Amino acid sequence: QVHVVESGGGLVQAGASLRLSCATSGSTFSTYCMGWFRQAPGQEREFVAAISRSGGSIEYKDSVKGRFIISRDNNKNMVYLQMNSLQPEDTAVYYCAADPSRYYGGTVATHYEYWGQGTQVTVSS
């Protein structure tokens, strides 16, 4: 069992930045591919960013490219999502996801086996 816990959400104004953090359990974090997804009220959960085990493969949702940065620290069992130039349309619950069986999970939510409870990000205009 892998535990995933997100933190760092909050209420900010448009144009501001937030850094989400995701802590995972287990001594083999470097073997997990990681992803960030989000879900706005009344909408489907959608892919935001993904990073491979080594960090060598990274992918972003088109609308966050150039604004969001995903990174990981395999020594600390952490993955981060730096979100800059936030817009009201970024408002959602953000989820961190992990999968120990793949090198890279990509955009597909079903590729990720373990999920956190989510952290709320609200961007006011």
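The first residue of the sequence shown is numbered 1, and numbering continues consecutively from there. Predicted model only: the values in this text are computed from it and were never measured. Below, all heavy atoms of this structure are taken into account, side chains as well, without hydrogens, waters or symmetry copies.
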Asp99 and Tyr32: side chain to side chain contact (heavy atoms under 4.5 Å, CB included), yes or no, with the steps?
-> CA-CA 5 Å; Asp99 190 86; Tyr32 307 163; over 6 Å; no
Of all the heavy-atom pairs spanning Glu113 and Pro100, show the shortest one and how long it is.
-> OE1-CD, 4.0 Å
Between Val48 and Val64, which heavy-atom pair has the shortest distance, and what is it?
-> O-CG2, 3.7 Å
Test side-chain contact (heavy atoms from CB on, under 4.5 Å) applied to Val108 - qualifying residues, sequence neighbours left out | Thr110, His111
What's the spacing between Asn77 CG and Thr24 OG1 if we round to 0.5 Å?
-> 4.5 Å
Hydrophobic cluster partners of Tyr80 (side-chain heavy atoms under 4.5 Å) = Met78
Should side-chain heavy atoms under 4.5 Å link Ile, Leu, Val, Met, Phe, Trp and Tyr, which residues sit in the same cluster as Tyr95?
-> Phe37, Phe47, Val93, Tyr112, Trp115
Run the side chain to side chain contact (heavy atoms under 4.5 Å, CB included) check on Thr107 and Glu59 step by step: do they pass?
-> CA-CA 8 Å; Thr107 66; Glu59 190 170 2; 3.4 Å; yes
Gln120: side-chain hydrogen bond (donor to acceptor under 3.5 Å, both in side chains) partners, not counting sequence neighbours = Thr122
Applied to residues 34-44, the side chain to side chain donor-acceptor pair (under 3.5 Å) test, sequence neighbours excluded, yields Arg38-Glu46, Arg38-Asp90, Arg38-Tyr94
With sequence neighbours left out, which residue pairs that include part of residues 32-72 fulfil the disulfide bond (SG atoms under 2.5 Å apart) condition?
-> none
For the residue pair Ala16 and Val12, what are the closest heavy atoms and their distance?
-> CB-CB, 3.8 Å
For Asn74, check side-chain hydrogen bond (donor to acceptor under 3.5 Å, both in side chains) against everything at least two apart and list the hits.
-> Arg72
Non-hydrogen atoms of Ala40 and Thr91 that approach each other most closely = CB-O, 3.7 Å
Taken to the nearest 0.5 Å, the spacing of Thr28 OG1 from Arg53 CZ works out to 9.5 Å
Could you please spell out the steps behind the side chain to side chain contact (heavy atoms under 4.5 Å, CB included) verdict for Phe68 and Leu81?
-> CA-CA 7 Å; Phe68 290 12; Leu81 186 68; 4.2 Å; yes
Disulfide bond (SG atoms under 2.5 Å apart) contacts in which one or both residues fall within residues 75-125, not counting sequence neighbours = Cys22-Cys96
Is the closest side-chain heavy-atom distance between Ile70 and Val79 below 4.5 Å?
-> yes
Student check: side-chain heavy atoms of Phe29 and Lys76 closer than 4.5 Å | no
Can any side-chain N or O of Glu6 pair as donor or acceptor with the backbone N or O of Gly118 at less than 3.5 Å?
-> yes
So, do Val121 and Leu20 sit near enough that their side-chain heavy atoms are less than 4.5 Å apart?
-> yes
Please list, chain by chain and in numerical order, all residues satisfying side-chain hydrogen bond (donor to acceptor under 3.5 Å, both in side chains) with Ser52, sequence neighbours excluded.
-> Tyr103
For Tyr114, enumerate each residue passing the ring-ring contact (aromatic ring centres under 6.0 Å, His included) test, keeping only those at least two apart in sequence or located in another chain.
-> none
Ala14 and Ser125: which non-hydrogen atoms are nearest, and at how many Å?
-> CB-CA, 4.4 Å
Would you please name every residue forming a side-chain hydrogen bond (donor to acceptor under 3.5 Å, both in side chains) with Ser85, sequence neighbours left out?
-> none
Provide the full list of disulfide bond (SG atoms under 2.5 Å apart) pairs with a residue in residues 50-85, sequence neighbours left out, each pair given once.
-> none
Looking at Gln87 and Gly15, what are the two nearest heavy atoms and their distance?
-> NE2-N, 4.3 Å
Atom CD of Gln82 and atom OG of Ser71: how far apart are they, to the nearest 0.5 Å?
-> 8.5 Å
